[in-house]
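Everything below concerns the one structure shown next.
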2 protein chains.
Amino acid sequence: MEFQPLKGMKDFLPEEMIKRQYVISTVEKVFEKYGFDPFETPVIEDWKLLSAKSGEDLAKQIFKFEDKNGREVGLRAELTPSLARVIVNNPQLPKPFKRYAIAPVWRYEEPQSGRRRQFWQADVDTVGSSSMAADAECIACAVDCMSALGFKEFSVKLNNRKILNGILETVGVDESKRTAALRAIDKIEKVGMEEVAKELEQCGLGKVQVKKLLSLTTSKGKARIKSLNRLCEEGVKELEEILRIGKAFGITKFVKLDFSLARGLDYYTGPIFEIAVKSKTSIGSVAGGGRYDRMIELFGGIPTPATGISLGIERIVEIMKEDGMFDSERTKVMLFIANVDSALLPEAVKIARKMRKKGVACQTDLMNRNLNKQLEYADSAGISYVIVVGERELKSGRFKLKDMAANSEEELPLARIAQKIKSNTKPARNAP
Amino acid sequence: MEFQPLKGMKDFLPEEMIKRQYVISTVEKVFEKYGFDPFETPVIEDWKLLSAKSGEDLAKQIFKFEDKNGREVGLRAELTPSLARVIVNNPQLPKPFKRYAIAPVWRYEEPQSGRRRQFWQADVDTVGSSSMAADAECIACAVDCMSALGFKEFSVKLNNRKILNGILETVGVDESKRTAALRAIDKIEKVGMEEVAKELEQCGLGKVQVKKLLSLTTSKGKARIKSLNRLCEEGVKELEEILRIGKAFGITKFVKLDFSLARGLDYYTGPIFEIAVKSKTSIGSVAGGGRYDRMIELFGGIPTPATGISLGIERIVEIMKEDGMFDSERTKVMLFIANVDSALLPEAVKIARKMRKKGVACQTDLMNRNLNKQLEYADSAGISYVIVVGERELKSGRFKLKDMAANSEEELPLARIAQKIKSNTKPARNAP
């Protein structure tokens, strides 16, 4: 018997987990400051719930199976359908209901850089408010996450499904071809205008339609779009409102209108947004979201507007690694308490207890190794500090503190050692 | 369309998630102080890995399915097999390898109080050490978790699979009947001696065997057991070593030898342990673990000893709720910034930005509500403090801070408001 992780799945050893934890806890703190509360739903849900409103592409990627009672279930591919279900199941919840969830999702797709079959999403959603202030707030919250993580060069693309639908209407694109057309348009930045034009023609659009569609979705001014029809006017007005309140949130400098932004999910009904980072990697988008005012109603609830944004944890970690935004910390263990003789292990353990009470993460020898081997282990495990416990040290109460990186040592009492280690502990991320 | 969570699955709304988060973060801090590093493996694994060594009972409960390539996979039912796989896949890891993992697992069993089909385990494991100090350390780490959570009355049952096997040998129980016999003996405390005697007879043991087996596994002194045979002697010596080093760890007063403790998993090879809490609930055991020195070898690795313990997060939360060990906090939002007129929302948002920078979790109105409705919302959402933004307040820079619980208010500048709120924020748990 020998096993590997399944295709598209990955083990996270401590060195990488420390980075992930740093990103997750940073994001979590920002979420909470914005007044979102923690929330968790089950990983397994009724397959119909998962596939109902996300669109064909995502539905195909769901890990679907029958449970032991023959019920069709699946692993969630995103966190939003479960949230909508909870809102329907709990009508008593005060509105707006602002929740965050940071949790794994599963999609059966071809693994590629920054894209795996299990990955973590960090979502904030505001349920119950139709105000554009709610959308602006979700964007601001995500922007603050990016800043808190140390990102400087990123932008928020902003569009509105109403605008896209208005444009498709103006161009005269058949209802049945709109989903495919949107999917094509969404790729303009990735594959270029020519490729998208080809794809649109394959969707059954005429050459004139394609030209007009590309011209409108890539146009820069909002005045032209606003004048197209009622839907476009409404859509632009909503974006203007986001920009107006966005000033108070301090996000205006990050936001760019982009009428070609479509986003993949079927359920969006209003503003949609996406955050892209300039980095050494090929990963562009790290967060995305939008308004979905019809989903809760479709799941049997009373009509309830909702909006939210989702950050991709793995993508953010990948970029931060590539761009050197993390410290080189390999372990959270700060101190190794070595002994000169394994008969002294109980004394080392007692010292460890004292250190732990002072908040110092530490290890003692568990292998009955000699002192040299203990030091080698501490070094190979990336532990920054070592003290050595011998009869003399126990008598004097003073211990040699070895700084493994600096290759220096000084003799100190235990209380000072704890202080020194704690004051020298570096954050997981390099200072900006 | 209308959906509920699947049977045995549960949604955690903020009020409950705050309690769960408190337990998880408390446990995590203790784990790290003991020198365990964070670690994560995929939820889905090869079904053969999951079922190989955990025993028939658990294998039956695995959520098993075929992936789109026809491969038999499953959702993990515990965290240990994946850890063993990672050790085999990464022979370069320095030993001992001490990792923690706090994550959900899935078991298809009949839902009952404190037992669901998705639940979280918090595990620490030390891989690479055959020293009883490693077992003692895992026990001490779990004991410290219990103390840090505020538990006072709990005990650690301690036994050794070697002792159980030695007793079964002495009694002359056939190899083929041993697993079933152990499963029966494990239930003595739960169902009583008579029931267990019946079950043992049903397993095919003779009356004399049953009597002897029950007498030995419920005997109190270790001298009698130690003298039975070589296996028992070895087993008792290991427990004596745990107790000896356990003194330095400060766990002796919690530990009780119990030769009837068997634990369900097949893969244990040495000491086994279980933590039980005295509480108002019917939940007894909240943590359990033991030594599994053969698992890594069986998965194709070099022979590597290992030991660990697992805490059941839901069970702990359940007991703490029932025993009134949590505060009544319903939201992490500390402050609601109301406005007297929705035209002032941008000003409220600017104040929110300042408050967030000072670490105050806050919300502004997102519903264009009048002041009374805003106050009603803050109250129903359980938010402790409210300030009201009006022209007069903006001019003077002083705001009325309403304490919703005390039904009192005082006028303060923003900086003082932030200070006051932060100093009044209660911990999630009542002080012990």
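Letters A, B, ... mirror the listed sequences (proteins, then strands); counts begin at 1.
Most heavy-atom pairs under 4.5 Å with chain A: of the set B:R99, B:K98, B:R71, this distinction falls to B:K98. Annotation: maximal heavy-atom pairing with chain A below 4.5 Å, among B:A348, B:G128, B:P94, occurs at B:P94. Counting heavy-atom pairs closer than 4.5 Å to chain A, the top-ranked of the candidates B:G300, B:G301, B:G250 is B:G250. For the set B:K64, B:K10, B:K95, the entry with the most heavy-atom pairs within less than 4.5 Å of chain A is B:K95. Ranked by non-hydrogen atom pairs under 4.5 Å with chain B, the options A:F36, A:F97, A:F249 are led by A:F249. Ranked by non-hydrogen atom pairs under 4.5 Å with chain B, the options A:E45, A:R20, A:Q21, A:K48 are led by A:Q21. With respect to chain A, the highest number of heavy-atom pairs below 4.5 Å among B:V333, B:L13, B:V73, B:V360 belongs to B:L13. Each of B:A134, B:C362, B:A381, B:S131 has some count of heavy-atom pairs under 4.5 Å with chain A, and the biggest count is that of B:C362.
Contact of A:K373 with chain B is not made at all, since no heavy-atom distance falls under 4.5 Å. Only the side chain of A:L75 comes within contact range of chain B, with heavy atoms under 4.5 Å apart. Of the two parts of A:I62, only the backbone, made up of N, CA, C and O, holds a non-hydrogen atom closer than 4.5 Å to a non-hydrogen atom of chain B. Contact annotation for A:L49: both backbone and side-chain heavy atoms come within less than 4.5 Å of a heavy atom of chain B. Looking at A:N69, both its backbone and its side chain come within 4.5 Å of chain B, counting heavy atoms on both sides. For A:Y108, the part sitting under 4.5 Å from any heavy atom of chain B is the side chain, from C-beta outward, and nothing else. With a 4.5 angstrom heavy-atom cutoff, A:F31 does not touch chain B via any of its atoms. Heavy-atom distances place no part of A:E297 under 4.5 Å from chain B, backbone and side chain included. With a threshold of 4.5 angstrom between heavy atoms, B:F63 approaches chain A through side-chain atoms but not through N, CA, C or O. Of the atoms belonging to A:K7, not a single heavy atom falls under 4.5 Å from chain B. There is no contact between A:L335 and chain B, counting heavy-atom distances below 4.5 Å. For a residue to count as touching a neighbouring chain, one of its non-hydrogen atoms must lie under 4.5 Å from one of that chain's; by this rule A:K332 touches chain B with backbone and side chain alike. Using a 4.5 Å cut-off between heavy atoms, A:A52 contacts chain B through its side chain alone, with no backbone atom that close. If you measure heavy-atom distances from A:F336 to chain B, you find no contacts under 4.5 Å at all. Within the 4.5 angstrom heavy-atom criterion, no atom of A:S82 approaches chain B.
Counting heavy atoms from C-beta outward, B:P5 and A:T41 have side chains that stay 4.5 Å or more apart. A 4.5 Å side-chain heavy-atom check between A:W106 and B:V43 finds at least one atom pair inside the cut-off. Counting only heavy atoms from C-beta outward, the side chains of A:I44 and B:M9 approach each other to under 4.5 Å. Residues B:E40 and A:W120 form a side-chain contact, since some pair of their non-hydrogen atoms from C-beta on lies under 4.5 Å apart. Using a 4.5 Å heavy-atom cutoff, the side chains of A:Q4 and B:N89 are in contact. The side-chain heavy atoms of A:F3 and B:P81, taken from C-beta on, include no pair separated by under 4.5 Å. For the pair B:R356 and A:Y34, the minimum side-chain heavy-atom distance is below 4.5 Å. Side-chain contact between B:T364 and A:E137 is present, with heavy atoms from C-beta onward closer than 4.5 Å.
Scanning both residues, A:K350 and B:A248, for their nearest heavy atoms gives CG-O, 3.9 Å. Across B:P42 and A:Q118, no two heavy atoms sit closer than the pair CA-OE1, 3.4 Å. When all heavy atoms of B:M367 and A:P96 are compared, the closest pair comes out as CG-CD, 3.6 Å. When every heavy atom of B:F39 is checked against every heavy atom of A:P14, the shortest pair comes out as CD1-CD, 4.1 Å.
The closest donor-acceptor contact from the side chain of B:Q363 to the backbone of A:G35 lies under 3.5 Å. Without hydrogens or angle criteria, A:S129 side chain to B:L366 main chain gives a donor-acceptor distance under 3.5 Å.
Distance check: A:N368 CG to B:S130 OG gives 7.5 Å after rounding to the nearest 0.5 Å. To the nearest 0.5 angstrom, B:E109 atom CD is 11.5 Å from A:K68 atom NZ. Here the CG-CD distance, from A:D46 to B:E2, works out to 12.0 Å after rounding to the nearest 0.5 Å.
Using a cut-off of 4.0 Å between Lys/Arg side-chain N and Asp/Glu carboxylate O, A:D11 and B:R85 are scored as salt-bridged.
Aromatic ring orientation, B:F65 versus A:F65: parallel (interplanar angle below 30°, classes split at 30° and 60°).
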**Study point:** side-chain contact (heavy atoms from CB on, under 4.5 Å) between B:K33 and A:M334, worked out
**Key:** CA-CA 9 Å; B:K33 275 192 241 168; A:M334 307 167 188; over 6 Å; no
